[in-house]
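Take a look at the structure below.
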Amino acid sequence: MTSLTQQLTAIAAEAFQAQGLDPAFGQVIISGRPDLAQFQCNGALAAAKAAKQNPRAIAEKVAEALRGNPVFRDISLAGPGFINLSVTDAFLAGAMNRIAGDPRLGQPVKAKPEMVVLDYGGPNIAKPMHVGHLRAAIIGDALRRIFKFVGDETVGDVHMGDWGLQMGMLISELEIRRPDLPYFDAGFAGPYPAESPVTLAELEEMYPKASGDCKADPARLERARLATAELQEGRPGYRAVWQHFFDISVEAMKRDYGNLGVHFDLWKGEACVNDLIPPMVEDMKKRGIAIEDKGALIIPVKEESDKMDIPPLILIKSDGAAMYGTTDLATIVDRVNCQNPDRSIYVVDHRQGLHFVQVFRAAIKAGINGKGTLFHLGYGTMNGTDGKPFKTRAGGVMRLDDLIQMISGEALKKLTEHGLGGDYSEAERADIARKVGVAALKFADLSNNPIANYVFDLDRFSRFEGKTGPYLLYAAVRVKSLLRKAAAQGDKPGSILAPEEGERDLMLMLGQMPNAINDAYGELAPNRIADFAFNLAQVFSTYYNAFHILSEKDAAIRASRLALAELVLKELELCLDLLGIATPERM
RNA sequence: GACCCCGUAGCUCAGCUGGAUAGAGCAAUUGCCUUCUAAGCAAUAGGUCGCAGGUUCGAAUCCUGCCGGGGUCGCCA
């Protein structure tokens, strides 16, 4: 099972091959001139160039070969060699019934699944999650869902910042505040308390304080360094404190990601790979991959063909500490050990592009990456309406939970304004508001190209008209309501009949979904699916206005329209699910 | 300074492995709720695709140069 254009491409490819031409020229696409035809094939033009022949003549020969195929209602030539194609209504109806009967809605399962590790987290212990984590989460989780649906094995790793100097700062901060705690008593033998000595709020307050003090006071910084070193060497009391910090932070992260509907398979962090670093570094040193330079241990990654000077990756600083590039390399080792991925995709802010060039080159140079490829999907900055990186009105960084609360609150306001759900329970209204809010947020992000910067405009996102997540939810929910009403009057979706005048556009759209999914998959561009979903919702809204379903007198036609509506719903929900957007039952 | 990304309608953005007349949404104007949720639908208007060259039968798309905006460039992450 494939999309309509893929099916027609297979037919056209054969026709090209029969003329002794490369079947790759048989690419069939949706027509750019729907007034002339449903589909088109431009392959004759490219084939003519390659074979140095007249394009019109090639097009004529291919068209002649295609005329033998009964799926076509009309085949004509236009311009320098466009082949315009339209299919029969019977073919369209047959295709619709097949898709409707396919649990995957026409999307084939990938023949050779790959193991794909996606890295789209990066939250830090003790620091509240903020809008900076938003894009990675939204884009990465969507990609994970898309890859999984297409047929790959996927592992999403949150890859927390839970190690290093920041942890030493926090531990020493606690020790300064409460030196009497058993964690800091070197002679303490008994089991440490199960309860955390600090709350999340306290932890979040401690970090900026400690960080500021360390910046201002070298002695304070030295104390943090020492704590870091002792932590890494395994001092039991410090490890126990670290575990508390980790646990309460992870709990908060899981809540935030959960509210966003973002899933991770692995909750690993930098600490997990700490023990892999010394042997890795030792090995790289021994093999001459890493060399000493200015007191540091570096891996040169410069290449002849570089247009600019690529600085080396610094493995060990001159003070003996590891860097985040070191941790990233150790993480690659860990992933090869655990998942042995065919692909690793890092969904990280594009400003870290150079860092990943260094890490990837170092990994390849050291031969630690196993069989896989490494790819950095750098997404653009989320800016405010002033074009500068998004900030709160006070100029600070906005917390993720504040943001979600804000947009859910806005959604609730809109629901009330439109008099929707007045008779629903408080809990259901809150659930709907959260879904609508998250849909607004995610869809706005995912309908942009990941690479480009984008403007986060709460006012614009909160207006739920137009090309927005809420519009899509609205479209889906309307169909759900329709199906419920149909069931109540005893109607069931049936066999899809040959299209009436005005029904073809909807069918053509329904037959296109695999193209959108394949494009999104191939280009790592969820916006392909977002675009498709919006187009489908629009075409259906038009249809919904023009064709009344429940009041149709002919039972067979009623059942056919109902089946189309149900198929629209299935495709919409699938697309939304691939974008990580949940659809409420009603709104 | 070098390198990377971006520049498309008043605004926010799709489209970029070359194809016919460059698409959406918002904002503007005009219609449509005694039939399935009007967060909707129909219609009108809005463009030197940053500029200048080049390649091609054909360029928003590929190449070169320039202009404007953003980013990155050895011991932070």
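All values below come from the heavy atoms of this structure, side chains included, with hydrogens, waters and symmetry mates left out.
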Using a 4.0 Å heavy-atom cut-off, does [X] contact any base of the nucleic acid, only the sugar-phosphate backbone, or nothing at all?
X	answer
A/Leu415	base
A/Arg528	sugar-phosphate
A/Asn449	sugar-phosphate
A/Val479	nothing
A/Asp35	base
A/Phe547	base
A/Ile310	nothing
A/Leu313	nothing
A/Asn84	base
A/Ser318	base
A/His418	sugar-phosphate
A/Glu270	sugar-phosphate
A/Tyr454	sugar-phosphate
A/Lys467	sugar-phosphate

Exercise. A/Asn527 has an atom CG; how far is it from atom P of B/rC16, in whole Å?
Worked result: 9 Å
Once you apply the 3.5 Å cut-off to both distances, tell me the Watson-Crick or G-U wobble partner of [N], or none.
N	result
B/rU34	none
B/rC3	B/rG71
B/rA9	none
B/rA28	B/rU44
B/rC66	B/rG50

Exercise. Going by 5.5 Å between centroids and 30° between planes, is there a stack of A/Tyr471 over B/rG40?
Worked result: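 So no, this residue does not stack on that base, at least one cut-off failing.
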Exercise. Planes under 30° and centres closer than 5.5 Å, is that true for A/His350 with the base of B/rC5?
Worked result: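 Taking the rule of under 5.5 Å and under 30°, the ring of A/His350 does not stack on B/rC5.
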Less than 4.0 angstrom between a side-chain N/O of [X] and OP1 or OP2 of [N], yes or no?
X	N	result
A/Lys317	B/rC76	yes
A/Ser551	B/rC36	no
A/Thr542	B/rA42	yes
A/Asn535	B/rA14	no
A/Gln538	B/rG25	yes
A/Arg478	B/rC41	no
A/Tyr324	B/rA77	no

Exercise. Would you call the rings of A/Trp242 and A/Trp163 parallel, tilted or perpendicular if under 30° counts as parallel and over 60° as perpendicular?
Worked result: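 Geometry flag for A/Trp163 against A/Trp242: perpendicular rings.
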Exercise. Any idea how A/His133 and A/His130 line up, ring-wise: parallel (<30°), tilted (30 to 60°), or perpendicular (>60°)?
Worked result: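 Geometry flag for A/His130 against A/His133: tilted rings.
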Exercise. Is the base of B/rA39 touched by the side chain of A/Glu417 through a donor-acceptor pair closer than 3.5 angstrom?
Worked result: no
[atom1] gap between [N] and [M], integer Å:
N	M	atom1	value
B/rC6	B/rC62	P	9 Å
B/rG54	B/rU61	C1'	15 Å
B/rG25	B/rA45	C1'	16 Å
B/rA2	B/rG18	C1'	31 Å
B/rC63	B/rU17	P	11 Å
B/rG7	B/rC49	P	14 Å
B/rA22	B/rA60	C1'	7 Å

Exercise. Between A/Phe356 and A/Tyr346, is the gap from one ring center to the other below 6.0 Å?
Worked result: yes
Problem set entry | Aromatic ring proximity, centroids under 6.0 angstrom, A/Tyr324 and A/His355 |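 They qualify: ring centres under 6.0 Å apart.
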Answer yes when [X] and [Y] have at least one side-chain N-carboxylate O distance shorter than 4.0 Å, and no when they do not.
X	Y	result
A/Asp531	A/Lys467	yes
A/Glu500	A/Arg561	yes
A/Lys492	A/Glu566	no
A/Asp306	A/Arg361	yes
A/Asp431	A/Lys435	yes

For this session: Give the nucleotide from the list B/rC26, B/rA20, B/rA14 with an atom nearest to the side chain of A/Gln40.
Result: B/rA20
Exercise. Of A/Ala525 and A/Cys41, whose closest RNA chain B nucleotide lies nearer the 5' terminus?
Worked result: A/Ala525
Exercise. If you find the nucleotide of RNA chain B closest to A/Asn448 and the one closest to A/Ala537, which residue's nucleotide is nearer the 5' end?
Worked result: A/Asn448
Problem set entry | Syn/anti state of B/rC32 by chi, 90° boundary around 0 | anti
